[in-house]
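For clarity, every value in this text was computed on a predicted model and none was experimentally measured. Heavy-atom basis, side chains included; hydrogens, waters and symmetry copies ignored.
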Number of protein chains: 2
Amino acid sequence: MGYLETFRKYLASEELKLTRQRAAILDGIFVTHGHFDADDLFFALRKGGKRISKATVYRTLELLTAAGLIREVDVGKGHRAFEHIFGRSHHDHLICTSCGKMVEFDDPVVEELQNRVCRRFSFQGESHSLRILGRCASCRKR
Amino acid sequence: MGYLETFRKYLASEELKLTRQRAAILDGIFVTHGHFDADDLFFALRKGGKRISKATVYRTLELLTAAGLIREVDVGKGHRAFEHIFGRSHHDHLICTSCGKMVEFDDPVVEELQNRVCRRFSFQGESHSLRILGRCASCRKR
DNA sequence: TTCTATGCAAAAGCTTTGCAAATCA
DNA sequence: TGATTTGCAAAGCTTTTGCATAGAA
C-alpha cells in the first residue's frame with residue numbers, strides 16, 4: 001500500500017476528504033528525503049506550481065502526523081521540523097554541533113533500551129527519539 | 001564550586017558582568033527542579049518580588065546555556081524549555097503521550113550506545129538526549 | 001446538496017532587538 | 001568614568017483561527 005492509499009484510508013476513517021491540496025502536500029513531502037518545516041514545504045510547493053496557503057500546509061501537517069506518515073523531529077532551534085516515515089525504518093540522529101551535519105542511524109540496542117526502561121517504569125512504550133550531539137570527523141580536525 | 005561561582009567565572013572569562021538580575025535569575029532557576037520556560041521563570045521571579053524584564057530573562061538564559069549551567073530540553077510543543085544541569089547527573093526522559101507525565105531516568109546502556117554509535121560514524125560524542133514516548137500505567141487503564 | 005476544506009487576513013504566541021537610562025567594575 | 005546591561009516597547013517569526021467562499025462526496 002502506497003502512502004497515498006494510507007492517507008486516503010486515514011482520512012476516510014476520520015470522515016475527512018482527500019482534497020487536491022492535501023494530495024499535493026503529501027506528494028511534495030515524499031519527493032524529498034530529510035527534514036523540512038512548514039515554510040520549506042510551502043515554497044517547494046510554490047516552486048512546483050502549487051499555490052497552497054500556509055494555513056492549509058499547517059493543517060495538513062497535523063493530519064499527516066496523526067496518520068503516521070510523518071513525524072516531528074527536534075532540530076534544536078525554535079520552529080518545528082518534520083520528516084516522513086512511511087516506508088522508512090525507524091532511525092535516530094547524530095548531529096554535529098559545529099557544522100550542523102546530521103547523520104541518521106539505527107541501532108537495535110535503542111529498541112532494547114526502550115523496552116527495558118518502559119518495563120522499569122510501567123510505561124507502554126510507543127516510540128522514541130534519540131539525538132546524540134558531538135563533532136564530526138572533519139570538524140574535529142580543525 | 002557552587003553554581004554562582006561557576007557563573008561568575010564564566011562571565012569573567014567573557015568579560016561580562018554579574019548583575020543583580022543575572023544573579024537573581026540564576027537563583028530562581030536553582031530553587032526548583034524540573035523543566036521551565038522563560039515565562040515560568042519570569043513569573044516565579046515576580047512572585048519572589050523580583051521584577052526583571054522578559055528581555056533580560058531571555059538574554060540570561062542564553063548566557064547560562066553557554067556557561068553549561070542549564071540545557072535546553074525538547075518537550076515537544078512549540079516553545080523552548082530548559083532544565084538546570086549543574087550538580088545533577090545526566091538523565092533522559094520518558095513522557096506519557098496521554099497525560100503529559102514526565103519521568104526522568106538514567107541508564108548506563110544509553111552511554112554505551114552513545115559511544116558505540118559515535119565510533120561507528122567517527123563522531124566525537126558530547127551529549128545526547130533520549131525521549132521515549134508512551135503511556136503511563138494509569139493512562140493505560142483507561 | 002450538504003458538510004468539510006481552503007484562503008485570506010487578522011490574531012496570537014514566543015523571542016529578539018533598538019535605544020535611552022541605569023548600573024557595574 | 002566608561003562600557004555593559006537593563007527595561008520598555010516595537011518588531012519579527014512561526015503558528016493558529018474566524019469567516020466567507022469553494023469544493024469533495
Side-chain angles (χ1 to χ4, degrees), chain A residues 4-5 7-29 35-46 48-67 70-82, chain B residues 4-5 7-29 35-46 48-67 70-82:
Chain A
L4 182 59
E5 269 325 290
F7 194 32
R8 198 193 295 278
K9 214 166 156 181
Y10 169 79
L11 291 172
S13 77
E14 299 285 322
E15 304 194 316
L16 300 172
K17 295 170 182 175
L18 178 63
T19 61
R20 187 169 46 75
Q21 290 88 338
R22 287 177 180 168
I25 289 171
L26 182 58
D27 280 338
I29 286 171
H35 305 142
F36 62 90
D37 60 23
D39 203 61
D40 296 335
L41 189 50
F42 175 78
F43 283 106
L45 288 164
R46 179 169 277 211
K50 316 272 185 195
R51 298 186 84 82
I52 297 172
S53 76
K54 275 202 182 162
T56 298
V57 170
Y58 277 106
R59 287 187 277 230
T60 304
L61 286 172
E62 196 109 324
L63 290 177
L64 291 169
T65 304
I70 64 176
R71 69 166 180 163
E72 198 171 336
V73 287
D74 172 28
V75 290
K77 282 287 115 193
H79 62 290
R80 305 214 258 161
F82 299 83
Chain B
L4 182 60
E5 269 324 290
F7 193 32
R8 199 193 294 279
K9 213 166 155 182
Y10 169 78
L11 291 171
S13 76
E14 298 286 322
E15 302 194 319
L16 300 173
K17 294 170 181 174
L18 178 63
T19 62
R20 185 170 47 76
Q21 290 88 337
R22 287 176 179 167
I25 289 170
L26 181 58
D27 280 337
I29 287 171
H35 305 141
F36 62 90
D37 61 23
D39 203 61
D40 296 334
L41 189 50
F42 174 79
F43 284 106
L45 288 164
R46 179 169 280 212
K50 317 272 185 195
R51 298 187 83 82
I52 297 172
S53 76
K54 275 202 183 163
T56 298
V57 170
Y58 277 106
R59 287 186 276 228
T60 304
L61 286 173
E62 197 110 323
L63 291 176
L64 291 169
T65 303
I70 63 177
R71 70 165 179 164
E72 198 172 336
V73 287
D74 172 28
V75 290
K77 283 286 115 195
H79 62 291
R80 304 214 256 163
F82 299 84

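- The existence of a salt bridge linking B/R8 and B/E5 is confirmed by a sub-4.0 Å separation between a basic side-chain nitrogen and an acidic carboxylate oxygen.
- Residues satisfying the salt bridge (Lys or Arg N to Asp or Glu O under 4.0 Å) test with A/K50, not counting sequence neighbours, are none.
- The interatomic distance linking A/D40 (CG) with D/dC13 (P) rounds to 16 Å, in whole Å.
- Using a 4.0 Å cut-off, no side-chain N or O of A/S53 falls inside it from OP1 or OP2 of C/dC8.
- Rotation axes derived from the C1' atoms of the five outermost pairs at either end of the helix from C/dT1-D/dA25 to C/dA25-D/dT1 lie 40° apart, to the nearest 10°.
- For the pair A/Y58 OH and C/dG13 P, the computed distance is 16 Å after rounding to whole Å.
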Could you list the donor-acceptor pairs under 3.5 angstrom formed between side-chain atoms of residues 16-25 of chain B and any protein atom two or more places apart in sequence or on another chain?
unit_1: B/T19; atom_1: OG1; unit_2: B/R22; atom_2: N; d: 3.2
unit_1: B/R22; atom_1: NH1; unit_2: B/K17; atom_2: O; d: 2.7

Using a cut-off of 4.0 Å between protein heavy atoms and nucleotide atoms, how would you tag nucleotides 18-25 of chain D 5' to 3' with B, S and -? B----BBS

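- Closest to the side chain of B/R80, from the set C/dT15, D/dG7, C/dG7, is C/dT15.
- Taking both residues in full, the closest heavy atoms of A/Y10 and A/L63 are given as CE2-O, 3.8 Å, listed atom of the first, atom of the second, then distance.
- Across all their heavy atoms, B/D40 and B/H35 have their closest contact at OD2-O, 4.4 Å.
- When the salt bridge (Lys or Arg N to Asp or Glu O under 4.0 Å) test is applied to A/D39, the partners found at least two apart in sequence or on another chain are A/K54.
- Remark: P of D/dG7 and CG of B/L45 are 11 Å apart, rounded to the nearest angstrom.
- The interatomic distance linking B/K54 (NZ) with D/dA9 (P) rounds to 14 Å, in whole Å.
- Rounded to whole Å, the distance from CZ on A/F36 to P on D/dT15 is 12 Å.
- Taking atom CZ of A/F7 as the reference point, atom P of C/dA5 lies 10 Å away to the nearest angstrom.
- If you take CZ of A/F42 and P of D/dC13, they are 16 Å apart, rounded to a whole angstrom.
- Atom CZ of B/R51 has 12 or fewer heavy atoms from other residues, nucleotides or ligands within 6.0 Å.
- Residues satisfying the salt bridge (Lys or Arg N to Asp or Glu O under 4.0 Å) criterion with B/E15, sequence neighbours excluded, are absent altogether.
- Contact annotation: B/R22 side-chain N/O to D/dT6 OP1/OP2 distance is under 4.0 Å.
- Residue B/E72 contributes atom CD, which lies 15 Å from atom P of C/dC14 at whole-angstrom precision.
- Contact between A/F42 and A/I52 at its shortest, heavy atoms only, is CE1-O, 3.0 Å.
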